[in-house]
Amino acid sequence: MRKGYTVTYQMRRQQRQRRDRILQYILKFTVVIVAAFLIVRFLCCSYTIQGDSMSPALKADEKHLVNRFIYKVKKPDRYDMIVFKLDDQNNENLYAKRVIGLPGEKIQIKNGSIYVNGKKTKSFSDQKILSPGLASDELVLKSDQYFVVGDNYNNSEDSRSASIGNVKKENIIGKVGLKYWPW
């Protein structure tokens with residue numbers, strides 16, 4: 001073989017390998033961008049905590065990912081922290097609260113504690129509930145309703161207040177997940 005032919009062949013092969021590597025990087029980058037878009041679009045969304053109603057579990061101005069997919073395959077469990085909207089078409093605010101009562105259960109707040117079906121529930125605060133609101137008398141949740149409460153019991157607008165009330169399953173956006181800001 002001629003010496004010039006081998007050098008030209010090797011140069012072309014190196015150029016082809018460089019081009020293939022660049023195309024692989026571009027393809028990988030594109031796949032990552034598309035995957036990130038699909039995850040953000042269909043599986044999760046970002047939510048910034050407003051106010052101190054969920055303190056100390058969630059603090060004001062923290063940013064969390066919200067799993068929007070999970071409640072399409074299963075129902076919310078007791079003590080899940082959820083993000084939801086209200087039925088009110090004029091109110092576009094989202095709220096983060098903790099699920100206490102599940103569909104069909106009886107809820108009552110007495111002596112500063114929450115009772116579900118007559119049994120005292122786990123408390124997420126050292127505070128006694130000062131205002132039972134709508135739950136001062138026993139409430140029975142409908143088949144698509146959840147009773148939600150903020151962890152900061154005495155500084156939370158939640159299912160105890162008429163402006164929020166019981167949360168319908170269709171109004172639940174998702175489950176509060178990973179905190180990503182501030183680190």
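Note that NE2 of His64 is 4.5 Å distant from CG of Leu58, once rounded to the nearest 0.5 Å. Atom CG of Leu43 sits about 7.0 Å away from atom CG of Asn67, to the nearest 0.5 Å. Taking NZ from Lys122 and CD1 from Ile114, the interatomic distance works out to 12.5 Å, rounded to the nearest 0.5 Å. Rounding to the nearest 0.5 Å places CG of Asn111 at 9.0 Å from CD of Gln108. Of the inter-residue distances, the one linking Asn117 atom CG with Ile107 atom CD1 reads 7.0 Å to the nearest 0.5 angstrom. To the nearest 0.5 Å, atoms CD (Gln14) and CZ (Arg18) are separated by 6.5 Å.
Residues Leu134 and Arg160 fail the side-chain proximity criterion, which asks for heavy atoms closer than 4.5 Å. Side-chain contact between Val83 and Val176 is present, with at least one heavy-atom pair separated by less than 4.5 Å. Proximity of Tyr153 to Lys128: side-chain heavy atoms (C-beta onward) are nowhere separated by under 4.5 Å.
Applying the side-chain hydrogen bond (donor to acceptor under 3.5 Å, both in side chains) criterion to Asn152, with sequence neighbours excluded, gives Gln127. Remark: Asp87 engages Lys168, Asn171 in a side-chain hydrogen bond (donor to acceptor under 3.5 Å, both in side chains) (not counting sequence neighbours). Checked against side chain to side chain contact (heavy atoms under 4.5 Å, CB included), Pro103 has the following partners two or more places apart in sequence or in another chain: Tyr146. Residues passing the salt bridge (Lys or Arg N to Asp or Glu O under 4.0 Å) test with Asp20, sequence neighbours excluded: none. Here Lys179 pairs with Glu62 under the salt bridge (Lys or Arg N to Asp or Glu O under 4.0 Å) rule; sequence neighbours left out. Here Glu105 pairs with Arg78 under the side-chain hydrogen bond (donor to acceptor under 3.5 Å, both in side chains) rule; sequence neighbours left out. For the side-chain hydrogen bond (donor to acceptor under 3.5 Å, both in side chains) test, no residue two or more places apart in sequence or in another chain qualifies with Thr121.
Closest heavy-atom contact between Ser123 and Ser125: OG-O, 2.7 Å. Of all non-hydrogen atoms in Ala57 and Met81, the two that sit nearest each other are CB-SD, 4.1 Å. Residues Ser159 and Gly165 share a closest heavy-atom pair of OG-O, 2.9 Å. Shown here for Leu141 and Leu102, the closest heavy-atom pair between the two residues is CD1-O, 3.2 Å. Taking all atoms of both residues into account, the shortest heavy-atom contact from Leu130 to Pro132 is O-CD, 3.6 Å.
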Exercise for the section: Verify side-chain contact (heavy atoms from CB on, under 4.5 Å) between Leu86 and Asn93, making sure each step is shown before the conclusion. Expected result: CA-CA 8 Å; Leu86 298 179; Asn93 294 333; over 6 Å; no
Problem - side-chain contact (heavy atoms from CB on, under 4.5 Å) between Leu38 and Val34, intermediate numbers included - result: CA-CA 6 Å; Leu38 292 173; Val34 169; 4.0 Å; yes
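Within the structure, the side chain to side chain donor-acceptor pair (under 3.5 Å) test picks out the following pairs touching residues 30-48 (sequence neighbours left out): Ser46-Tyr180, Thr48-Lys63. For residues 90-101, every residue pair satisfying the salt bridge (Lys or Arg N to Asp or Glu O under 4.0 Å) rule, not counting sequence neighbours, is listed here: Arg98-Asp151. Sorted pairs that involve residues 13-41 and meet ring-ring contact (aromatic ring centres under 6.0 Å, His included), not counting sequence neighbours, are lacking altogether. Residue pairs meeting the ring-ring contact (aromatic ring centres under 6.0 Å, His included) criterion with at least one member in residues 75-99, sequence neighbours excluded, are Tyr79-Phe124, Phe84-Tyr95.
Under a hydrophobic clustering in which Ile, Leu, Val, Met, Phe, Trp and Tyr are joined whenever their side-chain heavy atoms come within less than 4.5 Å, directly or via other members, Ile129 and Tyr115 fall into different clusters. Hydrophobic clustering of Ile, Leu, Val, Met, Phe, Trp and Tyr side chains at less than 4.5 Å, counting indirect connections, keeps Leu94 apart from Val148. Phe147 and Ile164 fall into different hydrophobic clusters, defined by Ile, Leu, Val, Met, Phe, Trp and Tyr side-chain heavy atoms under 4.5 Å apart, directly or through other members.
Ionic pairing of Lys142 and Asp144 is not present here: no N-O contact between side-chain nitrogen and carboxylate oxygen is shorter than 4.0 angstrom.
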Show me the side-chain donor-acceptor pairs of residues 70-77 shorter than 3.5 Å, one per line, residues at least two apart or across chains.
from: Tyr71; atom 1: OH; to: Asp80; atom 2: OD2; distance (Å): 2.7
from: Lys74; atom 1: NZ; to: Asp77; atom 2: OD2; distance (Å): 2.7

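In the displayed structure, Asp61 atom CG is contacted under 6.0 Å by at most 12 heavy atoms of other residues, nucleotides or ligands.
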